[in-house]
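Have a look at the structure below before the remarks.
Note that these values count all heavy atoms, side chains included, but never hydrogens, waters or copies made by symmetry. The sequence lines fix the lettering, A, B, ..., with proteins before strands; numbering per chain opens at 1.
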Amino acid sequence: KAGVTQTPRYLIKTRGQQVTLSCSPISGHRSVSWYQQTPGQGLQFLFEYFSETQRNKGNFPGRFSGRQFSNSRSEMNVSTLELGDSALYLCASSPNVGVGGYTFGSGTRLTVV
Amino acid sequence: QQQVKQSPQSLIVQKGGIPIINCAYENTAFDYFPWYQQFPGKGPALLIAIRPDVSEKKEGRFTISFNKSAKQFSLHIMDSQPGDSATYFCAATNQAGTALIFGKGTTLSVSS
(Lines give C-alpha, C1' and ligand atoms only; values in the text may rest on other atoms or scores of the structure.)
Protein backbone atom coordinates (compact mmCIF):
# COMPACT_ATOMS: atom_id res chain seq x y z
CA LYS A 1 0.00 0.00 0.00
CA ALA A 2 1.58 3.28 -1.07
CA GLY A 3 2.09 5.89 1.62
CA VAL A 4 1.37 9.60 1.54
CA THR A 5 3.19 11.17 -1.40
CA GLN A 6 4.28 14.78 -1.37
CA THR A 7 5.77 16.64 -4.31
CA PRO A 8 8.13 18.23 -4.82
CA ARG A 9 10.56 17.15 -2.08
CA TYR A 10 12.58 20.35 -2.25
CA LEU A 11 11.85 23.87 -3.43
CA ILE A 12 13.80 27.10 -3.47
CA LYS A 13 11.79 30.27 -4.04
CA THR A 14 12.42 33.99 -3.89
CA ARG A 15 10.64 36.37 -1.53
CA GLY A 16 7.39 37.61 -3.04
CA GLN A 17 6.84 34.57 -5.22
CA GLN A 18 4.10 32.03 -4.69
CA VAL A 19 4.34 28.26 -4.40
CA THR A 20 2.03 25.26 -4.71
CA LEU A 21 2.69 21.99 -2.89
CA SER A 22 0.95 18.73 -3.67
CA CYS A 23 -0.16 15.80 -1.53
CA SER A 24 -1.56 12.42 -2.57
CA PRO A 25 -3.08 10.61 0.44
CA ILE A 26 -3.11 6.89 1.05
CA SER A 27 -5.68 5.21 -1.18
CA GLY A 28 -9.06 5.27 0.57
CA HIS A 29 -8.10 8.04 2.99
CA ARG A 30 -10.49 10.96 2.74
CA SER A 31 -9.08 13.37 5.32
CA VAL A 32 -5.97 15.40 4.50
CA SER A 33 -4.21 17.77 6.90
CA TRP A 34 -1.25 20.09 6.42
CA TYR A 35 1.39 21.02 9.00
CA GLN A 36 4.36 23.37 9.02
CA GLN A 37 7.50 22.22 10.83
CA THR A 38 10.23 24.65 11.85
CA PRO A 39 13.04 24.34 14.44
CA GLY A 40 11.64 27.23 16.45
CA GLN A 41 7.90 26.61 16.38
CA GLY A 42 7.84 22.84 15.95
CA LEU A 43 4.87 21.23 14.21
CA GLN A 44 1.97 23.60 13.66
CA PHE A 45 -1.40 22.81 12.11
CA LEU A 46 -2.27 24.68 8.91
CA PHE A 47 -5.59 23.24 7.75
CA GLU A 48 -7.59 20.07 7.23
CA TYR A 49 -9.79 18.97 4.35
CA PHE A 50 -12.46 16.32 4.08
CA SER A 51 -14.67 15.71 1.04
CA GLU A 52 -13.27 18.79 -0.68
CA THR A 53 -14.30 21.03 2.26
CA GLN A 54 -11.99 22.80 4.68
CA ARG A 55 -13.04 21.61 8.13
CA ASN A 56 -10.47 23.29 10.27
CA LYS A 57 -7.87 26.02 9.95
CA GLY A 58 -4.87 26.88 12.07
CA ASN A 59 -3.58 30.29 13.04
CA PHE A 60 -1.81 31.23 9.84
CA PRO A 61 -2.24 34.30 7.63
CA GLY A 62 -4.50 34.26 4.59
CA ARG A 63 -1.43 33.88 2.34
CA PHE A 64 -1.68 30.19 3.17
CA SER A 65 -4.51 28.42 1.41
CA GLY A 66 -5.40 24.96 0.26
CA ARG A 67 -7.89 22.81 -1.51
CA GLN A 68 -8.87 19.19 -1.92
CA PHE A 69 -9.96 17.50 -5.11
CA SER A 70 -12.64 14.85 -5.62
CA ASN A 71 -9.97 12.11 -5.58
CA SER A 72 -8.85 13.33 -2.11
CA ARG A 73 -5.56 14.72 -3.44
CA SER A 74 -4.76 18.08 -1.90
CA GLU A 75 -2.70 21.14 -2.70
CA MET A 76 -1.59 24.01 -0.54
CA ASN A 77 -0.55 27.41 -1.82
CA VAL A 78 1.53 30.10 -0.21
CA SER A 79 1.44 33.52 -1.86
CA THR A 80 3.80 36.44 -1.42
CA LEU A 81 6.47 34.28 0.19
CA GLU A 82 8.41 35.61 3.17
CA LEU A 83 11.75 34.41 4.53
CA GLY A 84 9.91 33.07 7.59
CA ASP A 85 7.92 30.68 5.42
CA SER A 86 11.02 28.52 5.02
CA ALA A 87 10.02 25.23 6.60
CA LEU A 88 9.20 21.58 6.09
CA TYR A 89 5.58 21.30 4.99
CA LEU A 90 4.00 18.01 5.93
CA CYS A 91 0.82 16.42 4.72
CA ALA A 92 -1.02 13.77 6.74
CA SER A 93 -3.93 11.58 5.72
CA SER A 94 -6.48 9.65 7.73
CA PRO A 95 -9.28 7.29 6.69
CA ASN A 96 -11.96 9.58 8.07
CA VAL A 97 -12.41 12.51 10.44
CA GLY A 98 -12.02 11.95 14.16
CA VAL A 99 -10.57 8.44 13.90
CA GLY A 100 -6.90 9.25 14.42
CA GLY A 101 -4.30 7.16 12.64
CA TYR A 102 -2.80 10.10 10.80
CA THR A 103 -0.05 9.01 8.38
CA PHE A 104 2.46 11.65 7.36
CA GLY A 105 4.34 12.05 4.12
CA SER A 106 8.05 12.89 3.99
CA GLY A 107 7.27 16.53 3.40
CA THR A 108 8.32 19.33 1.07
CA ARG A 109 11.34 21.34 2.19
CA LEU A 110 10.68 24.96 1.15
CA THR A 111 13.51 27.47 1.28
CA VAL A 112 12.72 31.13 0.67
CA VAL A 113 15.69 33.31 -0.29
CA GLN B 1 -5.44 25.45 26.87
CA GLN B 2 -4.36 24.12 23.52
CA GLN B 3 -0.76 23.48 24.51
CA VAL B 4 0.95 20.16 24.96
CA LYS B 5 4.12 20.44 27.03
CA GLN B 6 6.83 17.85 26.39
CA SER B 7 9.97 17.07 28.38
CA PRO B 8 12.86 16.59 28.31
CA GLN B 9 14.06 18.41 25.21
CA SER B 10 16.87 15.90 24.74
CA LEU B 11 17.81 12.57 26.24
CA ILE B 12 20.88 10.35 26.08
CA VAL B 13 20.72 6.73 27.21
CA GLN B 14 22.87 3.66 26.85
CA LYS B 15 21.79 0.68 24.80
CA GLY B 16 19.35 -1.40 26.81
CA GLY B 17 18.21 1.58 28.90
CA ILE B 18 14.60 2.73 29.26
CA PRO B 19 14.16 6.34 28.14
CA ILE B 20 11.00 8.03 29.39
CA ILE B 21 9.45 11.05 27.69
CA ASN B 22 6.69 12.99 29.41
CA CYS B 23 3.85 15.15 28.14
CA ALA B 24 1.20 17.22 29.85
CA TYR B 25 -1.94 18.79 28.45
CA GLU B 26 -4.60 21.20 29.69
CA ASN B 27 -7.59 20.72 27.41
CA THR B 28 -9.82 18.07 28.97
CA ALA B 29 -11.62 17.67 25.62
CA PHE B 30 -8.59 15.89 24.18
CA ASP B 31 -9.34 12.19 23.75
CA TYR B 32 -6.65 10.83 21.44
CA PHE B 33 -2.96 10.87 22.32
CA PRO B 34 -0.49 9.59 19.72
CA TRP B 35 3.28 9.43 19.78
CA TYR B 36 5.29 9.98 16.63
CA GLN B 37 8.89 9.12 15.77
CA GLN B 38 10.79 11.22 13.25
CA PHE B 39 14.13 10.52 11.59
CA PRO B 40 16.08 13.24 9.76
CA GLY B 41 14.66 13.90 6.31
CA LYS B 42 11.49 11.95 7.00
CA GLY B 43 8.00 12.79 8.11
CA PRO B 44 6.76 11.77 11.57
CA ALA B 45 5.71 8.12 11.80
CA LEU B 46 2.94 7.00 14.15
CA LEU B 47 4.38 4.77 16.89
CA ILE B 48 1.54 4.16 19.30
CA ALA B 49 -1.59 5.97 20.45
CA ILE B 50 -3.91 5.82 23.44
CA ARG B 51 -7.40 6.99 24.34
CA PRO B 52 -8.24 8.11 27.89
CA ASP B 53 -10.33 5.06 28.77
CA VAL B 54 -7.15 3.02 29.41
CA SER B 55 -4.17 3.76 31.64
CA GLU B 56 -1.53 1.85 29.71
CA LYS B 57 -0.93 0.49 26.24
CA LYS B 58 1.98 -1.60 24.98
CA GLU B 59 3.08 -2.24 21.42
CA GLY B 60 6.34 -4.12 21.15
CA ARG B 61 9.00 -2.21 23.06
CA PHE B 62 6.90 0.95 23.29
CA THR B 63 4.54 1.66 26.20
CA ILE B 64 2.27 4.63 26.83
CA SER B 65 1.25 5.37 30.40
CA PHE B 66 -1.73 7.67 30.78
CA ASN B 67 -2.86 9.56 33.91
CA LYS B 68 -6.19 11.20 33.20
CA SER B 69 -6.53 12.98 36.55
CA ALA B 70 -3.06 14.54 36.23
CA LYS B 71 -3.55 15.21 32.50
CA GLN B 72 -0.21 13.60 31.76
CA PHE B 73 1.00 10.82 29.54
CA SER B 74 4.42 9.34 28.89
CA LEU B 75 6.29 7.11 26.46
CA HIS B 76 8.62 4.38 27.69
CA ILE B 77 11.00 2.60 25.29
CA MET B 78 12.09 -0.77 26.65
CA ASP B 79 15.52 -2.22 25.81
CA SER B 80 16.41 0.84 23.73
CA GLN B 81 18.62 0.35 20.68
CA PRO B 82 20.85 2.72 18.66
CA GLY B 83 18.22 2.51 15.89
CA ASP B 84 15.75 4.20 18.25
CA SER B 85 17.82 7.40 18.04
CA ALA B 86 15.32 9.90 16.63
CA THR B 87 13.08 12.78 17.61
CA TYR B 88 9.87 11.83 19.41
CA PHE B 89 6.74 13.94 19.47
CA CYS B 90 3.68 13.56 21.63
CA ALA B 91 0.40 14.97 20.36
CA ALA B 92 -3.21 15.36 21.37
CA THR B 93 -6.51 15.95 19.64
CA ASN B 94 -10.19 15.25 20.01
CA GLN B 95 -12.70 13.45 17.85
CA ALA B 96 -14.68 16.59 17.10
CA GLY B 97 -11.69 18.45 15.70
CA THR B 98 -8.87 16.78 13.84
CA ALA B 99 -5.96 19.16 14.38
CA LEU B 100 -3.10 17.42 16.14
CA ILE B 101 -1.52 19.61 18.79
CA PHE B 102 2.13 18.59 19.06
CA GLY B 103 4.66 18.85 21.83
CA LYS B 104 8.01 20.47 20.97
CA GLY B 105 9.75 17.13 20.60
CA THR B 106 12.45 15.14 22.39
CA THR B 107 15.69 14.21 20.66
CA LEU B 108 16.74 10.77 21.85
CA SER B 109 20.24 9.42 21.41
CA VAL B 110 20.94 5.78 22.28
CA SER B 111 24.64 5.03 22.54
CA SER B 112 26.07 1.61 21.90
Notebook entry, point to check: Which answer fits Arg9(A), side chain, backbone, both or neither, if we ask what part of it has an atom under 4.5 Å from a heavy atom of chain B?
Noted result: side chain
Checklist line | Side chain / backbone / both / neither for Leu90(A) at chain B, heavy atoms under 4.5 Å | finding: side chain
Notebook entry, point to check: Honestly curious: do Leu21(A) and Val32(A) fall in one hydrophobic cluster under the side-chain, below-4.5 Å linking rule?
Noted result: yes
Check: Applying the 4.5 Å side-chain criterion to the ILVMFWY set and letting contacts propagate, would Ile48(B) and Ile101(B) be lumped into a single cluster?
Finding: yes
Check: Non-hydrogen atoms of chain A under 4.5 Å away: do they reach the side chain of Pro44(B), the backbone, both or neither?
Finding: both
Checklist line | Leu46(A) portion near chain B, given a 4.5 angstrom heavy-atom threshold | finding: neither
Item checked: Residue part contacting chain A, namely of Lys42(B), when any heavy atom lies under 4.5 Å -> both
Note to self: Working to the nearest 0.5 angstrom, can you tell me the gap between Leu100(B) CG and Phe104(A) CZ?
What the structure shows: 5.5 Å
Margin query: Let me check something: do Leu83(A) and Ile12(A) share a hydrophobic cluster, defined by ILVMFWY side-chain heavy atoms less than 4.5 Å apart, either directly or through other members?
Written below: no
Check: Are Leu88(A) and Tyr10(A) co-members of a hydrophobic cluster defined by side-chain heavy atoms under 4.5 Å apart?
Finding: no
Next item on the list: Please look at Gln37(A) and chain B and tell me whether the side chain, the backbone, both or neither of the residue comes under 4.5 angstrom of a heavy atom of that chain.
Entry: side chain
Next item on the list: Work out which heavy atom in Tyr102(A) is nearest to a heavy atom in Tyr36(B); give both atom names and the distance.
Entry: O-OH, 2.9 Å
Next item on the list: Report, as yes or no, whether the 6.0 Å neighbourhood of atom CG on Asp53(B) holds more than 12 heavy atoms from other residues, nucleotides or ligands.
Entry: yes
Checklist line | Hydrophobic cluster identity match, Leu43(A) and Phe47(A), side-chain contacts under 4.5 Å | finding: no
